[in-house]
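A short write-up of the structure that comes next.
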Amino acid sequence: MLLLECPYCGVKAEETELSPGGEAHLKRFGPGSTAEEFEAYMFARKNPKGVHFERWRHAYGCGKWFLAARCTATLEVFGTYPAQTTEPPADIIDKIKAKRPDWKGWK
Amino acid sequence: MKRYSVFAIAREAMRYHQGWEKAWRAPVPKAAYDAIIVGAGGHGLATAYYLGKNYGITNVAVIEKGWLGGGNTGRNTTIIRSNYLQDCSAAIYDKALSLYENLSQDLNYNVMFSPRGLLMLAQTHHEVRGYKRTVHANALQGISKTEWIGPEQVKELVPIMNIDGPRYPVLGALYQPRGGTARHDAVAWGLARACSDMGMDIIQQTEVTGVRSEQGQVVGVETSRGFIGCKKLGIVVAGHSGQLAEMAGFRLPVESLALQALVSEPIKPCIDVVVMANTVHGYMSQSDKGELVIGGGTDGFNNFTQRGSFHHIEETLRALVETFPIISRVKMLRQWGGIVDMTGDRSPIISKTPLGNCFINCGWGTGGFKAIPGSGWAMAELMAKGEPGPLAAEFNMWRFREGQFIDESVAAGVAH
Ligand SMILES: Cc1cc2nc3c(=O)[nH]c(=O)nc-3n(C[C@H](O)[C@H](O)[C@H](O)COP(=O)(O)OP(=O)(O)OC[C@H]3O[C@@H](n4cnc5c(N)ncnc54)[C@H](O)[C@@H]3O)c2cc1C
Ligand SMILES: [Zn+2]
């Protein structure tokens, strides 16, 4: 059972209270972009077996989108943070590096 | 290889069953092969089998990190059908179904193919329209015997079903009498035995950890037992496709999710068709041992743990109990998960890749068991000729760039 803390209301929410929203920090492309860029944004996914940055919505709580860093191989959660950012916060990056020394970074 | 037959059973009965051979060899890897397949699931083994059978290419290794058939092939609920909506899906799934019909004879191995009939319940008006459309599409595609039946006929076929609702009334069903189930392990084992008999090496307990290339062409793979060279490489690893693609230097429109299944304690025979209820994401059949085999929808988040979240099982069972009230007090024996590879349009990929002589077969997601022989047939053609044949052509990985989706999930609501 997955527990994620909503960074807005501080509730430790159980997964039935949340909806998953897929990979976070995607670079968005719109009109005028190339087919390759649009494909990369819409479909190509890192899908790592390891550290994954992802979007979640506190659907049955405050209703807001937030982001989480989680390991897809162990289900360990490294932390959650508000969605109004383009990259993961430094403290979460440090925490992951400490636990996973050969982690290749989030990009 | 000694053939299995009634005479073999009699012969072995006379000598305390001491003459049975190992079904496949456990070879030491050679330095190089004409073709390497990564992944000894059903699709990888079927690819190897048809490379040998249809194209005479037998200097082949199938490399498996665990044991053969230990991935999704050995974890699925074995539903087989071919009544898909889109032309290219119907073509490859029907090719697979017709190969399944003779697979036991072909492999000299009983895969227990059981065409007991398959019902896809319509429980909303949207589904009624959708399935009637599929019936017409299948008629045009020449997919034999898929028909629309009304609720009374459903009740006749499945007396234990409650068709009245109120929450999930049964308004009719899409019926394919040729559909059914097969024994999943036997499919993997039968294919492995036939491949080994053709001289191919099935190398288990060996993980591929890298793909080596020179001037844009694949030259071999790094493994936990050292480098093994190859002229052609087929990547057929389902949930781990993203990892292998990264080793080969490209990215896929694939995400890996957990899909769970469970079986009940054995009970007396009570249901002799396969029932899928896509609105509630539940499906059920009864195994020869009497267990009810039950599956549901995928979990929502990326996951490689081969477990799953309990609430999904709970939701599936809650809905199925309403449709099959007699199962309400049946105990569930075992639950497990597999890691399914979901593509952006929920259809598979059988494709060349940006790396020369490297081919990929993946994205079968929640519904690839039924496709095993057809997929192997198409993948073998692609690997042997270097270009896709008619079965594989539309399943190329570049369709996402072009926007030419093969949209089965919208067609069926689910892709099992
Ligand atoms: C619970 C569940 C129920 C399902 N129900 C149905 C159903 O009713 N009907 C249906 O048609 N389909 C169903 N499916 C889907 C079906 O099981 C799959 O689509 C199909 O089995 C995929 O076969 P495969 O050979 O591609 O993959 P797998 O059988 O998963 O084989 C891939 C193999 O690759 C190996 N591998 C991975 N990485 C490496 C590496 N680095 N080196 C070496 N080997 C590697 C793995 O160990 C694995 O054995 C279900 C799936 C699940 C999980
Ligand atoms: Zn909240």
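First the proteins, then the strands, lettered A, B, ... as listed; each starts at 1. Keep in mind the model is a prediction, meaning the values are calculated, not measured.
With chain B as the partner, the residue from A/T72, A/L2, A/T74 showing the most heavy-atom pairs under 4.5 Å is A/T72. The candidate with the highest count of non-hydrogen atom pairs below 4.5 Å against chain B, out of A/A40, A/C71, A/A35, is A/A35.
Around the CZ atom of B/F227, the shell of radius 6.0 Å holds more than 12 heavy atoms that belong to other residues, nucleotides or ligands. Within 6.0 Å of atom CZ in B/R307, 12 or fewer heavy atoms from other residues, nucleotides or ligands are found, so the atom counts as exposed in its surroundings. With a 6.0 Å radius and a threshold of 12 heavy atoms from other residues, nucleotides or ligands, B/E222 has its CD atom above the threshold. Counting heavy atoms of neighbouring residues, nucleotides and ligands inside a 6.0 Å radius, atom CD of B/Q306 exceeds 12 of them. Within 6.0 Å of CH2 in B/W67 there are 12 or fewer heavy atoms belonging to other residues, nucleotides or ligands.
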Residue pair A/E15, B/F301: steps toward the side chain to side chain contact (heavy atoms under 4.5 Å, CB included) verdict: CA-CA 10 Å; A/E15 69 175 277; B/F301 54 85; 3.4 Å; yes
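Here the closest heavy-atom approach between residue A/R70 and residue B/N302 is recorded as NH2-O, 2.6 Å. The nearest pair of heavy atoms linking B/M397 to A/E39 is O-OE2, 4.1 Å. What you find for A/P48 and B/Q243 is that their closest heavy atoms are C-NE2, 3.7 Å.
Side chains of A/N47 and B/S256: a donor-acceptor N/O pair is present below 3.5 angstrom, by distance only.
Remark: B/T343 OG1 to A/F43 CZ distance equals 9.0 Å, nearest 0.5 Å. Here CD of A/E54 is found 9.5 Å from CD of B/E255. Values are rounded to the nearest 0.5 Å.
Between the side chain of A/R45 and the backbone N or O of B/G344, no donor-acceptor pair lies under 3.5 Å.
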